[in-house]
Structure formats: structure tokens, C-alpha cells
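The next block holds one structure in the form of C-alpha cells; read it before the comments.
All residue numbers refer to positions in the sequence shown, counting from 1.
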Amino acid sequence: MENNISIGSLYLQTLMILAGAIIAAPLFKRLGLGTVLGYLAAGVIIGPIARFITDGEELLHFSELGVVFLLFIIGLDLKPSRLWSMRHAIFGLGLAQVTLCAVALAFLGIYVAGLPVPAAIIVGCGFALSSTAFAMQILEDKGETSQKYGQKAFAILLFQDLAIVPILALIPALSPGEGSQAAANFHVAAALGAIVILIIAGRYLLNPMFRIIGNTGAREVMIAAALFVVLGSATLMEAAGLSMAMGAFIAGVLLADSSYRHELAADVEPFRGIFLGLFFVAVGLSLNLVVILDNWLMILLSVPVIIVTKIAVIYILCRIFRSTHNDAVKVAFLLPQGGEFAFVLFSAASAAAVITDALASELIAAITISMALTPLSVSIGNRLLTASKQEDGIEEDFEGAGSDVLMIGFSRYGQIASQILLAGGSDVTVIDNSANKIRAAGRFGFRIYFGDGQRKDVLEMAGIRKAKLVAICTEKKEITDRIVDLIQAEFPDVKLYVRSFDREHTLQLRAKGVDYELRETFESGLLFGRKTLEALGMGEDEAHAIADDVRQRDEDRLYVQASEGILAGRHLLFNKPVTPEPLIKPTRSAVPLDKATEETIAPAEAFPAADLSTAPTAN
């Protein structure tokens, strides 16, 4: 009976969270406040105010999977070469931000709050970290992850995740217990060992695994494999004392060059969205109103001081690292809050007696409030931007995120078409759902991605919104039709160039309004016939003219068939050799050729072969 009650309670809590998210997120988005604040508000109402759910902290730990999935998808978009190009921002700006913010906040902790030096160091380091979930979600909502300031903000967040290793190592070193330094050394060694294991596995195991699974054609197994990789890498990092998000990020970077990148991102994206929304709700649920009310003065004073200090330090550092005023303001007001990992850091510090349990509760409440104030902080920052003749920091980086041409299907037809495009200097992103084709293409130096063009999420990940044109070169008529219908419904502004299966398919595609279509065998058949005429002794110019005539007749016939049906236009077909006829009736009777003299044969000009300027095509 108790089991039934607890199960029912779990279902009821899930329904309440979903209902709160469904109502609050669109409402706050409509009001211009953003979905993040909506999720937070839903959590606060369901938890601390209405008391429908009282174990928000447990849900918060579980919902951190949203941050894990988010970092995995970000990693998929960061090839190692691109990550290397960001090294100055990561290890320069990121290192400076963590160090100076930690020093400044520790100084305030010692001389303003009167904290002991070990406690002040941990508090300073904890508040120096920012929330990856809040910052990246706001950037994604605004579509600014690829702008200069978005890249700088991400570099800072990435270094903060790397900084977790030495910060956690500080806890046993600062703890009054014995053997703390040995524990710290073991912690660092375990972290480095876990990273090495993950890199080796990513390099030598992941791609073969996905190739085998891709060959089965079982989509649900591919989704399961994607989740296994994300959660497995996250668990390995957590066991080594690192953040789960860092493990998922490393796995994503290792797969950034994989042909399965777009498919993996599309498979993980729904889980990322659900868990990240759940994370924001959980932050609201875990807000401890009792602690806040008991320590309202300390929190009221400390939260603004922490936020203002971080804003000042980050702004100055961004300016030193040659950011414009507007970029520096945007980064500074995006990252003033405490981070998710500070929850773990302060709990670990409390367990090691570096800080008291009461102080840990107050600090966690302060972090939660600082997170909730992030949308307000961003809004204030936008008001401090200055007008500029140039766009501030708009530098979009499309590397790995899409090309001018998105080709769906790497068939023989698509391979030939891609050669023309590449020779003409166009960048092409190719997706195909055949693992065998991907492996075979790799032997010839082609880079194509594993993905099903019939899925909207895969098209999104492959960069369809950035593509000027989509070339559909799939081999099966029904698959082509489904892709055309999907793209016309979801991405109506995209130009569609489509491989047609046969004449009837061409008429159907024209009725759908595609920009261009071509039957897969038409032009090759024309060329074959023309070369055959030349082999039989016909001159090259005349054979060309006949091919042009047939092409034009075919086009005229398609025009007629579009309005009158597939059987119309038969009079435009050649079903027997063309017999030249004179322009005027002869004035004398015909003479058998074996008796005819040279004078009795009408001149060639009286027998036009065909009206080659007005002829269509057959197929």
C-alpha cells in the first residue's frame, strides 16, 4: 500500500512539474521575460510557496543531467581544431576571471564577513564559478552563441569547469583533518587518469561502435547508444571527482569530427531540453525560504555585493582582452551568478569541516537567488549598451554547423553533383543514413555525416537554416517525397533542388513547387543517344541539334501533361525514324531510285530533317 502511495505521489509530482512548466514558460516568454525565469517561477510556486513538493534538492541533483546533455551538444559543435583556436580565451580570460573573482570575493569574505581564511578561500572559489545552464540557455534563446561575446562567455564557462579539479583538491588541503594532502594528490591523479581513459575510448571505440549500430538501421538503439556515451562519460568524470558536465563535454568534442555528429545531436537534443527545463524548475523548488527568512539581512547584502563584484571584474578583464564595451557588458552581466557546481563544492566543504553546515545552507540559498536574478541582470546589461555604427561582435562561425548547400543522400547521383559543387568552390554538407556509404566515402577522402533526412531535428543539426539550397539526392521516390514535404512545411524559405525518379515523379514534384528537379536518367540517356548517332556517322553539330530538339520536345510534353494528364502529348514523341518531307508538292511523279539520275533527285534543301529549334525531350 505504501508503495502505491509513493508511486502515485511521484506521478503526481511529475504532472505538477510538467503542468507548471507548460503554463509558466510560454507565459514568461510572451511577456518578454524568457523561459528560464518562467521555469524558476513555476518551481518557486510549486515548492517553497505551495509546498506541493518538498524534496527539491534531490530533484535538483537529478535534473543536473540537463547541464550534462547541454555540454555534450556544445562539445559536438567544437572540433578539436576550433577548441585549440580558442585556447587564448579559455586559458587567458578564463583563468584570469576565476583567479581574480576568487581573490576579490575571498578578500571580502575575510575583511567584511569575518570568515576564517580557509572558509573564505572556498567561498571565493565557489562564487567565482558561474552557471553554465543559465548562461548557455539565455544565449541559445537569443540565438547569440556564435557571436563574439557568446564565444568569450563560453570560454570562461569552459575554464570554470576545468578549474573544478584544483578547487576540489583545495578542500582536503584546507580541512583540519589528517592526511589531507595525500587525498588531494590522489584526487588530481584520479581526475587526470579519467580524462586519459575517456580520450582513448573516444578515439578508438566510439566511431566503430556507432558504425556497427548504424548498419543495423535501428534508430532506438542509436538513441540508446547516444545516451550511454553521454551518461557513461559523465559518470566516469564524477567518479574521478570532476563535474559530470565536463565528462559529457569531452565526449562531445571527441565526436565532433565523427560522421555521426548530427544524428547524435538530434537524438540527445530532446533529453537536453527536458532535463534543462527540469533543472531550472528544481532550482526554484530548492529555494529554502526558511533559511532566507532567518538570514535575510545577510543574503540581502551579500548577493548584490557578489554580483556587482563579478560584473566589475569580468568587465575589466574583457576590456583588457580587447573586447568592445558592448561585448564586455554583455559577458559581465551574463555571468554574475553562482554556478551549479558550487552546490557540490559547499556541501563537500561542509562535510570536510572547512565551513559550517549553517554557512553552507546560507551560501546555497545565496547561489540560488543569484541564479534567479540572472534574467534581470541580463536585462540591466542590455540597457547599458551603447549605440555603434558597427555591429558589436557579430562574427558568426559556421564551422561544422552547416554550408551553403545541404545535400541529403550520397547516392551515385549525389556524388556526381557534389563534384560539380566542390569544383565550383561551394562548401557542401552531406548527410546519409547508410553507415556503409559513410565508411566507403571516407576511403576516398569524402566527409559525410550519418543522419536521416526525414527528421526535422537532424536537418536542424545539419545546418539547414544556414543553407542557401538543399539538394535532395535520395534514391527512393517515397523517401524523397517525405523529405520535400517536411522541408516545405518546416523550412518554407529554403530552395529545393530534387532528384526525380521518373516522369510521373517529375510532374508530382513540379506540382509541389520545388525550385528545380531533374530525372535521374534523362541527361545521361540524351548523351548516350547523341554519341550513338555520332558513332553511326552523323556529324557532331547535327547530333547536338537533335538532342536539343528531343530535350525541348520533352519539356513541351511535360507542360501539356501537367494540365491534361500523363497520357497527353504523345504527338510530341518520335516512335519511328523521321522521314523528311518536301516543303512544296513536287510538280512531277516520283522516280525509283535505281532509275533516277542526279537531276531527278530533289535538292537536300527541300527535305528539312526536323524543326530542331522547337523540339522537346523523351523519357
Side-chain angles (χ1 to χ4, degrees), residues 57-58 60-61 63-64 67-68 71 94-95 97-106 108-110 113 115-135 156-177 180 183-184 186-188 190-191 194 234 237-247 249 279 282-283 286 288 291 299 302-303 306-307 309-310 335-371:
E57 291 181 3
E58 292 183 14
L60 180 63
H61 181 70
S63 63
E64 284 178 4
V67 185
V68 171
L71 265 293
L95 173 62
Q97 182 274 324
V98 171
T99 303
L100 292 183
C101 282
V103 170
L105 292 170
L108 290 173
I110 294 170
L115 295 175
V117 173
I121 292 174
I122 292 298
V123 170
C125 291
F127 277 108
L129 307 177
S130 302
S131 172
T132 301
F134 275 79
I156 292 173
L157 292 168
L158 182 55
F159 183 84
Q160 288 177 359
D161 277 345
L162 293 172
I164 288 168
V165 181
I167 291 174
L168 279 175
L170 281 175
I171 292 177
L174 296 172
S175 173
S180 56
F186 174 78
H187 181 78
V188 173
M237 289 295 114
E238 186 182 42
L242 294 170
S243 74
M244 296 177 71
M246 176 52 61
F249 175 76
F279 173 79
V283 170
S286 63
N288 193 327
V291 173
I299 294 173
S302 63
V303 171
I306 292 167
I307 288 176
T309 301
K310 289 186 71 174
L335 304 177
Q337 73 290 117
E340 304 85 24
F341 197 73
F343 294 128
V344 179
L345 180 65
F346 292 147
S347 298
S350 173
V354 178
I355 61 176
T356 64
D357 292 342
L359 179 59
S361 297
E362 294 171 16
L363 294 173
I364 289 172
I367 291 170
T368 306
I369 292 173
S370 71
M371 286 181 172

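Heavy-atom minimum distance, Q160 versus A128: NE2-O, 3.4 Å. Shown here for A342 and G126, the closest heavy-atom pair between the two residues is CB-O, 3.8 Å. Residues V354 and P118 share a closest heavy-atom pair of CG1-O, 3.8 Å. Taking all atoms of both residues into account, the shortest heavy-atom contact from L335 to S130 is O-OG, 2.9 Å. The two residues I299 and A365 have their closest heavy-atom pair at CD1-CB, 4.1 Å. Scanning all heavy atoms of the two residues, the minimum distance from F127 to K310 falls at O-NZ, 3.0 Å.
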Output, in order, the C-alpha distance, side-chain angles, deciding distance and verdict of side chain to side chain contact (heavy atoms under 4.5 Å, CB included) for L105 and I306. CA-CA 7 Å; L105 292 170; I306 292 167; 4.2 Å; yes

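To the nearest 0.5 Å, atom CG of residue L158 and atom OG1 of residue T132 are 8.5 Å apart. With rounding to the nearest 0.5 Å, the separation of CZ in F159 from CG in L95 is 4.0 Å. Note: L345 CG to L129 CG = 7.0 Å, rounded to the nearest 0.5 Å.
Here L359 pairs with L115, I355, T356, E362, L363 under the side chain to side chain contact (heavy atoms under 4.5 Å, CB included) rule; sequence neighbours left out.
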